[in-house]
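So the structure is just underneath, and the comments pick up after that.
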Amino acid sequence: MAQKSDMAQKSDVVHHYLRPKKKFPHVWCSGCGLGVILGSLIRSIDSLQMSKNDIVVCSGIGCSSRLPVYIDFNTLHTTHGRAIAFATGIKVAKPKLKVIVVTGDGDCLAIGGNHFIHACRRNIDITVILANNWIYGMTGGQFSPTTPTGSRGTTAPYGNLEQPFDPTSLAIAAGAAYVARSTVYHVNQLDKMIKGGLEKKGFSLVEIISNCHTYYGRLNREGDPVKMLQWQKKHAMPIEAARKLPPEKLEDKFITGVLHDVDKEEYCHRYDRLIRELANASRERS
Amino acid sequence: MTQKAKQPGAPDRFEVRLSGAGGQGLILAGVILAEAIGTIDGKNAVQSQSYGPEARGGASRADVVISKEEIFYPKTMKLDLLLALTQEACDKYYPDLKDDGTLIIDSGMVSEPPTPHCYGFPFVQLAKSEIGIAMVANVISLGAICELTGIVSKHALTEVVKMRAPRGTEEKNMKALEVGFKIAKEAKNQR
Amino acid sequence: MKRVVKLLQGNEACVEGALMAGVRFFGGYPITPSTEIAEGMARRLPTIGGRFIQMEDEIGSIASIIGASCAGVKSMTATSGPGFSLMQENIGYAYITETPTVIVNVQRGGPSTGLPTKVSQSDTMQAGHGTHGDYYAIALVPSSVQEVLHFTIKAVNLSERFRTPVILLLDEVMAHMREKVDIPNPDEIEIVERKRPTVPPDWYKHFALTATGVSAMASFGDGYRYNITGLIHDELGFPTAEPSEIVAMLDKLKQKIVKHAESICEFETNGMEDDPKVAILSYGIVARAAKQAVIIAREHRLKVGAIRPTAIWPLATDSLRKRLKNVRQLIVAELNQGQLINLMKQHIDQRHTEIIPLQRYDGEIISPGQIFNKIKEIKHHGSEI
């Protein structure tokens, strides 16, 4: 029997985790970066060698939040911006579950911004996969908290007047344990970043620069999916290389790779410890 | 219990207000009184209090409604007994007392009682001189109320004070209670 | 076993009831006058292996308890008006996803920040129609601290039985007053657990259409992998826009509650045995003044009765109408500008029974005297009492 190509093997892995019945075609535009994220997330989960039964994928509202419906885990498609808060309840109630949140820049950073920073602060063991395409896709191209100043959205017809968030800096400042960034172009790196996040005991954020050619690309004349991926390729700078370069060489770049990785006690672990300590104290009293 | 004007629809109802300044432990005194009556004496008692910003500083109060029957309306309507540890509280709440209701004041703090027909004891001063801490004036008052009115049994009150007293202060609180019983007994005998 | 009698605040009794009913997760955010419930849960839950989390806001609180319930743990939150308003979108999510949860709302005056430390019943309507869309709520309304304990247990049980959020409506006075409470022995109370699936995972439908309207519920991590969404979904939990599936799901949400209204909502009556022509209808703390008013009125030889529902959502309207058959004048007493009264007008034939408002919204509770004055007024206007 002929050896299957690397590509075919990867595709088999993905198919093993897709839901069998009636879920396709998916809702995404052809060429959308979310398909790449779906594949990468599945390969990363597969590498953990965990039972599908122990994995929860939770999302809010938006294009990216439609992702969980396609994959064969425990999946929870919640309300706009609140996925991390739902995920917090799941994780605290049943800490043995691996809890992953799939979200977008509007969902996570605008309406859900408060839950995001507080989950970082608690350092609760949740992995947030943030698909950042700089626009609200599902509602048709409005500017988001990561839209660059001056870029257009349907609610920024003269260019965005606001300055964008950098979600990775936000997460680091708020107390996350693991923060990484990649793109839908750099698929191999992306696989590694997500795997790193999933393996981290604590709050992890993987920000993924993705393309919305349908809205962001069209409104800003940045063209088709291929052109937008080429832009990602050209402007991404791995952190190891960036460290060796003077700031002026980084002006039009964004940094990729593991930006932050620290070990500190995770929230559920700390709560478990409290339960044990209280039980011991009560045993000693009686 | 002395014969009092009856509350419409609730002949057995007895309403108490413990009042003074914030920090004098009057809420705790109200809880102790209600707990002793409700859980040990076997009658019914409902305790409520003023709540919110007005509870900080100024006049503070705890209300206890007592009855052998089921207590429907939980708040006080017309008081049978008013304890006032400050002039401000006395002035503010005296109008809520029934005409034949009992007024007990701290004679060291209330210099102008609204009526000569009241019991006066220097609770705060006694707490300092007899026990050594002003904090137990509330417990001395409870002892006096118990002895004067009989709305709560000595046994029940003693049990609950013992239970509720912060660790290490049980003895002082027991002593305070005894002081309360004693001064009230003397006052009764004088009448 | 020796009976335990304790002097408890309403909020403390709520904590006791929740723990007895098996609540092991609480997600909350501090708000007057409900805060003692969160404080009690924070203290008690870790001592029995449960978990408490203080979330960043009330939206997060309700989200966290829905998540915890999906993971199989009985969950509760407690709040007051402003927080209850913030929770509404996710309460709707709990309805459509049929996730058992208990939401305690200790009512205070509103709108907005309103009267944080004062009593009110102005969330009567919000408890039944607070979130958008068509749905049918359960809202229990205890009237004493003892009942707060029992109704908290009942709320948890109903949420498990019907796979739905249940609202427990308290108020500032009941939450803070202390009363003696007979603590039931664990073997005296009925504990209901959600129905678990008996079919293998391949056959499992998280939202199966059943004769009772209630589907079995597997938890995350149990080996049944399924999808939950706030979108209208099919039996498997996948989004649908198929008209027949939409109607089936919305009817399911309605029927499982409406059909059981008579068993969820009971009535306590006082002085209704001798068919009085005048009666007082009220719930919660107001019903206590009404009972006292009945006694006062009867001392004055005025034949008056009182009736109170134990749930305002759903109302057992058949029983209610039966009990009011001979009543010509119904005083609806409530702590708002008229919310319960509108429900009564909707369900009672006003050609037969005149509905008379008695409303108070100054932050104080209605007194027996006030109700008695209203009765005298009715008498004065020539009605036969």
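Atom OH of A/Y271 has more than 12 neighbouring heavy atoms from other residues, nucleotides or ligands inside a 6.0 Å radius. By the neighbour-count criterion of 12 heavy atoms within 6.0 Å, atom CG of A/D12 is densely surrounded, having more than that number from other residues, nucleotides or ligands. For NZ of A/K10, the number of neighbouring non-hydrogen atoms (other residues, nucleotides, ligands) closer than 6.0 Å is greater than 12. The number of heavy-atom neighbours closer than 6.0 Å to OH of C/Y95, taken from other residues, nucleotides and ligands shown, is above 12. Enclosure of atom NZ in A/K264 by more than 12 non-hydrogen atoms of other residues, nucleotides or ligands within 6.0 angstrom is indicated.
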| message | What verdict does the side chain to side chain contact (heavy atoms under 4.5 Å, CB included) test give for A/I55 and C/R225, after you've listed the backbone C-alpha separation in whole Å, the side-chain angles of each residue and the deciding distance to 0.1 Å? | response | CA-CA 9 Å; A/I55 291 164; C/R225 297 187 302 275; over 6 Å; no
* To do: Output, in order, the C-alpha distance, side-chain angles, deciding distance and verdict of side chain to side chain contact (heavy atoms under 4.5 Å, CB included) for A/L76 and C/C70.
  => CA-CA 9 Å; A/L76 189 70; C/C70 290; 4.1 Å; yes
key: Verdict with supporting geometry, C/T229 and A/V69, side chain to side chain contact (heavy atoms under 4.5 Å, CB included)   = CA-CA 9 Å; C/T229 175; A/V69 81; over 6 Å; no
Let's go through A/R19 and C/F238 carefully: what are the C-alpha distance in whole Å and the side-chain angles of both, what is the deciding distance for side chain to side chain contact (heavy atoms under 4.5 Å, CB included) to 0.1 Å, and is it a yes or a no?
CA-CA 11 Å; A/R19 282 202 158 115; C/F238 293 107; 3.3 Å; yes
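Residue A/L274 holds its CG atom at 11.0 Å from CG of C/L45, rounded to the nearest 0.5 Å. Here the OG1-CZ distance, from C/T97 to A/F86, works out to 7.5 Å after rounding to the nearest 0.5 Å. Atoms CD and CG, on C/E56 and A/N114 in that order, are 5.5 Å from each other to the nearest 0.5 Å. Expressed to the nearest 0.5 Å, how far OH of C/Y93 lies from NE2 of A/H80 amounts to 14.5 Å. Considering NE2 of A/H115 and CE of C/M55, their distance stands at 7.0 Å, rounded to 0.5 Å.
Heavy atoms of A/S282 lying under 4.5 Å from chain C are absent altogether. For a residue to count as touching a neighbouring chain, one of its non-hydrogen atoms must lie under 4.5 Å from one of that chain's; by this rule A/R121 does not touch chain C. Only the side chain of A/L278 comes within less than 4.5 Å of a heavy atom in chain C; its backbone stays farther off. Contacts of C/F52 with chain A are made by both backbone and side-chain atoms, with heavy-atom separations under 4.5 Å. The contact between A/V56 and chain C is made entirely by side chain atoms (from C-beta outward), counting heavy-atom distances below 4.5 Å. Both the backbone and the side chain of C/F220 come within contact range of chain A, each with at least one heavy atom under 4.5 Å from a heavy atom of that chain. Neither the backbone nor the side chain of A/R276 comes within contact range of chain C; no heavy atom of the residue lies under 4.5 Å from a heavy atom of that chain.
In terms of heavy atoms, A/G89 sits closest to C/F25 at CA-CZ, 4.0 Å. When all heavy atoms of C/R51 and A/C268 are compared, the closest pair comes out as NH1-O, 4.3 Å. Residue A/I275 comes nearest to C/G50 through the heavy atom pair CD1-O, 3.7 Å, listed as atom of the first residue, atom of the second, then distance.
A side chain to side chain contact (heavy atoms under 4.5 Å, CB included) with C/N227 is found for exactly one of A/I71, A/N74, A/T75, namely A/T75.
Of the listed residues A/T88, A/V92, A/V99, the one with more heavy-atom pairs under 4.5 angstrom with chain C than any other is A/V92. Of all the listed residues (C/G223, C/S69, C/S75, C/G237), the one sharing the greatest number of non-hydrogen pairs under 4.5 Å with chain A is C/G223. Ranked by heavy-atom pairs under 4.5 Å with chain C, the list A/D54, A/V57, A/T78 is led by A/T78.
Side-chain atoms of A/K94 do not come within 3.5 Å of backbone N or O of C/G221 as any donor-acceptor pair.
By the 4.5 Å heavy-atom criterion applied to side chains, A/K91 and C/I53 are not counted as neighbours.
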